[in-house]
Number of protein chains: 2
Amino acid sequence: MNRTTALDMLARKGYKITGKRETMAHIFWKNHRLLSARAVHNIIKVDSPGISLDTVYRNIRLFEELGILEATELNREKHYCFTSSDHHHPLICIDCGTVKKIEICPMDHMLDLPKGFLVTGHKFEVYGHCSDCHSS
Amino acid sequence: MNRTTALDMLARKGYKITGKRETMAHIFWKNHRLLSARAVHNIIKVDSPGISLDTVYRNIRLFEELGILEATELNREKHYCFTSSDHHHPLICIDCGTVKKIEICPMDHMLDLPKGFLVTGHKFEVYGHCSDCHSS
DNA sequence: ATCGATGCAAACTCTTTGCATAGCA
DNA sequence: TGCTATGCAAAGAGTTTGCATCGAT
């Protein structure tokens with residue numbers, strides 16, 4: 001996912017391309033990490049003030065519905081980043097929120113599930129401190 | 001973890017064994033599944049009314065601090081069940097909340113983490129419908 | 001000109017906390 | 001008796017919503 005694709009998806013679905021939506025898409029594009037609504041709003045307050053927290057919430061929600069963003073819960077707050085094209089799991093730095101891709105998926109090795117259990121989803125996340133954060 | 005052990009742990013730490021705490025321990029013992037505070041309170045309202053939601057929250061918190069309960073977040077609500085003795089991951093029925101144990105841990109297969117990344121934790125959960133729920 | 005987007009304020013959900021009272025040890 | 005546990009009400013955090021206005025198409 002990138003800025004242009006995101007805005008295209010909005011337009012194609014009949015939603016308006018507003019400056020605020022462009023700003024938000026830009027923020028997610030510039031920050032390759034998990035951002036909460038408040039985090040996005042804080043970045044906005046510094047870089048391009050004038051977007052209310054409500055609008056951030058509303059547009060994040062819209063972006064998620066359109067598949068532009070994907071969500072992960074991190075201590076009770078929803079965090080978002082641009083959707084990636086392939087299925088993978090995140091290695092999350094709990095200091096800076098940077099996300100790296102984990103190449104394996106544990107579901108590929110789950111051969112011994114109880115018979116009759118219908119799997120609909122799974123979550124695998126690894127948390128820790130990235131090299132930048134724990135060396136400083 | 002079981003009822004008696006739970007109440008013993010309370011007593012040993014100097015906390016009082018009240019009827020309400022016994023009721024709550026009983027509920028977690030009878031229900032081998034993830035329960036939110038509200039779920040516990042709903043069970044209480046039917047089986048043995050007279051415990052406020054506040055008390056449920058306070059005792060769940062205490063139980064968790066003492067290691068009697070362990071928590072998992074499930075769509076924005078904390079859910080709890082009796083602590084199990086070994087490290088394992090849950091197979092969660094999203095209909096009834098029943099939890100089965102997954103025997104493998106993906107961290108055992110994670111050999112290719114980025115150098116310098118200091119792992120502090122991980123989460124692996126599988127969701128779906130158990131045989132009881134999706135057959136009915 | 002239209003209809004969606006936004007800001008403001010209020011509401012909502014889950015959870016925690018202050019304070020006075022009730023109840024275990 | 002003494003101190004903890006509890007209920008009530010209020011507060012707090014994150015998020016959503018109603019309504020009037022603004023603005024993109």
Side-chain angles (χ1 to χ4, degrees), chain A residues 3-4 6-27 34-45 47-66 68-81 97, chain B residues 6-27 34-45 47-66 68-81 97:
Chain A
R3 260 182 318 179
T4 317
L7 297 174
D8 279 357
M9 290 176 73
L10 279 170
R12 230 178 305 127
K13 293 275 185 176
Y15 295 100
K16 293 176 180 166
I17 312 291
T18 66
K20 314 197 179 199
R21 284 179 177 159
E22 286 179 335
T23 300
M24 286 182 59
H26 182 75
I27 286 174
L34 291 169
L35 297 169
S36 64
R38 193 166 300 275
V40 172
H41 190 236
N42 285 337
I43 295 174
I44 285 171
K45 275 196 298 195
D47 291 356
S48 43
I51 306 183
S52 73
L53 185 54
D54 317 64
T55 296
V56 172
Y57 272 112
R58 266 190 278 235
N59 284 333
I60 280 182
R61 204 146 171 270
L62 176 63
F63 287 6
E64 191 189 4
E65 279 165 18
L66 295 183
I68 295 171
L69 295 178
E70 50 190 6
T72 289
E73 268 182 48
L74 225 49
N75 22 276
R76 193 61 51 81
E77 264 187 322
K78 277 197 179 178
H79 287 69
Y80 303 85
C81 61
Chain B
L7 298 175
D8 279 357
M9 289 175 74
L10 279 171
R12 230 178 307 126
K13 293 274 186 174
Y15 295 100
K16 292 177 183 168
I17 311 291
T18 66
K20 316 199 176 198
R21 284 178 178 161
E22 285 180 333
T23 299
M24 288 184 57
H26 183 75
I27 286 174
L34 290 169
L35 297 170
S36 65
R38 194 166 298 274
V40 171
H41 191 235
N42 285 337
I43 296 174
I44 284 171
K45 276 197 294 197
D47 291 356
S48 43
I51 306 184
S52 74
L53 184 54
D54 318 64
T55 297
V56 172
Y57 272 112
R58 265 192 278 233
N59 283 334
I60 279 182
R61 203 146 171 270
L62 176 63
F63 286 7
E64 191 188 3
E65 279 167 17
L66 295 182
I68 295 171
L69 295 178
E70 50 189 7
T72 289
E73 267 181 49
L74 224 48
N75 21 278
R76 191 61 49 82
E77 264 187 323
K78 277 196 179 178
H79 286 68
Y80 303 85
C81 62

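Just so we're on the same page: letters track the sequence lines, and every chain starts at 1. This is a predicted model, so every value here is computed, not measured.
Nucleotides of DNA chain C nearest to B:His79 and A:Leu62 differ in position, and the one nearer the 5' end is that of A:Leu62.
Nearest heavy-atom pair across B:Ala37 and B:Leu53 is O-CD1, 4.2 Å. Residues B:Ala25 and B:Phe63 approach most closely at N-CE2, 4.2 Å, considering heavy atoms.
For DNA chain C, the span of nucleotides reached by chain A at under 4.0 Å from its heavy atoms goes, 5' to 3', from C:dC3 to C:dT15.
One finds the NE2 atom of A:His26 at 8.0 Å from the OG1 atom of A:Thr23 (value rounded to the nearest 0.5 Å).
D:dG7 atom P lies 14 Å from atom NZ of B:Lys45, rounded to whole Å. D:dG14 atom P lies 15 Å from atom CG of A:Leu35, rounded to whole Å. Distance A:Leu10 CG to D:dA24 P: 15 Å, rounded to the nearest Å. Remark: P of D:dG7 and CG of B:Leu53 are 10 Å apart, rounded to the nearest angstrom. Distance B:Asn59 CG to D:dA5 P: 8 Å, rounded to the nearest Å. In this structure, CZ of B:Arg58 is placed 8 Å from P of D:dG7, rounded to the nearest angstrom. Across the protein-nucleic acid pair, A:His41 atom NE2 and D:dG14 atom P stand 14 Å apart, rounded to whole Å. When rounded to the nearest whole Å, the span between NZ of B:Lys13 and P of D:dA5 equals 14 Å.
A:Lys78 places no side-chain N or O within 3.5 Å of a backbone atom of B:Arg76 that could act as its donor or acceptor partner. Remark: side-chain polar atoms of A:Lys20 are not paired, donor with acceptor, to backbone N or O of A:Ser52 under 3.5 angstrom. Using modelled atom types, no side-chain atom of B:His41 and backbone atom of B:Asp54 make a donor-acceptor pair closer than 3.5 Å. A donor-acceptor pair is defined here as one N or O able to donate and one able to accept, closer than 3.5 Å; no such pair exists between the side chain of A:Arg21 and the backbone of A:Asn59.
Proximity of A:Leu10 to A:Leu62: side-chain heavy atoms (C-beta onward) are separated by under 4.5 Å at one or more points. In this structure, B:Leu66 and B:Tyr15 have side chains that are in contact, with non-hydrogen atoms separated by less than 4.5 Å.
Less than 4.0 Å separates DNA chain D from at least one heavy atom of each of the following residues of residues 14-24 of chain A: A:Lys16, A:Ile17.
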